[in-house]
Student: 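The structure is given below, and queries will be raised subsequently.
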Amino acid sequence: MWLQKYLDKLPEFCLSRWLLIIPLAIIFIQQGLAKFPISPDDAEAFSLPYIVWWFAAYGELGAGVGLIVGGFLSGWMGDLLTRFSGFVIGCIMTGVIWVGEPESLLDVLLYDNLHVLLWVGGLFFALRGKRT
């Protein structure tokens with residue numbers, strides 16, 4: 001009862017949004033940090049150019065941090081940062097799915113659940129921003 005009164009006073013606060021932001025951000029921050037130190041050998045293991053691997057590492061880290069920071073910022077800056085982070089997540093996940101060279105879209109939907117879920121999470125924030 002007392003918590004609801006407190007939450008009603010915070011117009012920008014939405015608990016359900018944070019239930020999506022936190023796990024998505026943690027996964028992307030973790031995956032970004034796992035790529036450090038960035039080396040050409042790691043990029044070669046996935047048959048990627050070094051520059052793509054570099055952008056993936058910093059993009060994952062930046063998108064995860066951007067979702068969290070964007071959630072705390074109010075106004076258009078928070079909305080823009082949240083949307084941009086969601087867009088970056090969608091781009092990275094599209095690349096991850098392509099690198100896996102699936103045979104069909106049905107294979108992706110049926111057998112690549114985690115990547116599809118992360119892609120949809122990024123798409124949600126890219127399209128919705130901070131709106132609740």
Student: Over 60° means perpendicular and under 30° means parallel, so tell me whether Tyr58 and Phe36 are parallel, tilted or perpendicular.
Tutor: perpendicular
Student: Could you go step by step and tell me if Phe28 and Met93 meet the side chain to side chain contact (heavy atoms under 4.5 Å, CB included) rule?
Tutor: CA-CA 10 Å; Phe28 269 80; Met93 293 317 301; 3.5 Å; yes
Student: Might you confirm whether atom CZ of Phe124 has over 12 heavy atoms from other residues, nucleotides or ligands at distances under 6.0 Å?
Tutor: yes
Student: Treating Ile, Leu, Val, Met, Phe, Trp and Tyr as nodes and any side-chain heavy-atom pair under 4.5 angstrom as an edge, say whether Val65 and Ile22 lie in one connected cluster.
Tutor: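 Linked, Val65 and Ile22 end up in one cluster.
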Student: Please find the pair of heavy atoms, one from Ile92 and one from Gly59, that lie closest to each other, and give the distance.
Tutor: CD1-C, 3.6 Å
Student: Are Ile38 and Ile51 linked, directly or through other ILVMFWY residues, by side chains that come within less than 4.5 angstrom of each other?
Tutor: yes
Student: Could you tell me the separation between the CD1 atom of Ile21 and the CD1 atom of Ile26, rounded to the nearest 0.5 Å?
Tutor: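 These two atoms lie 11.5 Å from each other.
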Student: Are Trp98 and Phe55 linked, directly or through other ILVMFWY residues, by side chains that come within less than 4.5 angstrom of each other?
Tutor: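 Cluster IDs for Trp98 and Phe55 differ.
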Student: Between atom OG of Ser39 and atom CH2 of Trp54, what is the distance when rounded to the nearest 0.5 Å?
Tutor: 15.0 Å
Student: Nearest 0.5 Å, please: how far is CD1 in Ile27 from CG in Leu67?
Tutor: 11.5 Å
Student: CD1/Ile89 to CG/Leu24 distance, rounded to the nearest 0.5 angstrom?
Tutor: 4.0 Å
Student: To the closest 0.5 Å, what do you measure between OG1 (Thr94) and CG (Leu123)?
Tutor: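 Spacing of OG1 (Thr94) from CG (Leu123) equals 9.0 Å.
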Student: Is there a side-chain contact between Asp107 and Asp112, using heavy atoms and a 4.5 Å cut-off?
Tutor: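 With C-beta onward as the side chain, the pair stays apart.
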Student: What distance separates Arg17 CZ from Lys130 NZ, expressed to the nearest 0.5 Å?
Tutor: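 Answer rounded to 0.5 Å: 5.0 Å.
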Student: Does CH2 belonging to Trp53 count more than 12 external heavy atoms closer than 6.0 Å?
Tutor: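 More than 12 heavy atoms, drawn from other residues, nucleotides or ligands, come within 6.0 Å of this atom.
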Student: Should Val116 and Leu106 be regarded as members of a common hydrophobic cluster, given that ILVMFWY residues are connected when their side-chain heavy atoms come within less than 4.5 Å of each other, either directly or indirectly?
Tutor: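 No: no chain of side-chain contacts under 4.5 Å links Val116 to Leu106.
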Student: Measure from the ring center of Trp18 to the ring center of Phe72 and say whether it is less than 6.0 Å.
Tutor: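 That pair passes the under 6.0 Å test.
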Student: Give me the atom names and distance for the closest heavy-atom approach of Gly62 to Ser85.
Tutor: O-OG, 4.4 Å
Student: Which residues satisfy the salt bridge (charged side-chain N to carboxylate O under 4.0 Å, His left out) test with Asp79, sequence neighbours excluded?
Tutor: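 Salt bridge (charged side-chain N to carboxylate O under 4.0 Å, His left out) list for Asp79, sorted by chain: Arg83.
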Student: What do the steps show when you test Asp42 against Lys35 for side chain to side chain contact (heavy atoms under 4.5 Å, CB included), and what is the final call?
Tutor: CA-CA 8 Å; Asp42 293 335; Lys35 290 176 175 58; over 6 Å; no
Student: What pair of heavy atoms forms the shortest contact from Pro102 to Ile97, and how long is it?
Tutor: CD-O, 3.2 Å
Student: Would you say that Phe46 contacts Val52 through its side chain, given a criterion of any heavy-atom pair below 4.5 Å between the two side chains?
Tutor: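 A side-chain contact is absent here, since even the closest heavy-atom pair is not under 4.5 Å.
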Student: If hydrophobic clusters are built by linking Ile, Leu, Val, Met, Phe, Trp and Tyr wherever their side-chain heavy atoms come under 4.5 Å apart, do Val120 and Phe125 end up in the same one?
Tutor: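 Yes: a chain of side-chain contacts under 4.5 Å links Val120 to Phe125.
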Student: Determine whether more than 12 heavy atoms belonging to other residues, nucleotides or ligands lie under 6.0 Å from atom OH of Tyr50.
Tutor: yes
Student: Which pair of heavy atoms, one from Pro49 and one from Ala43, lies closest together, and at what distance?
Tutor: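 Nearest heavy atoms, Pro49 then Ala43: O-CB, 4.0 Å.
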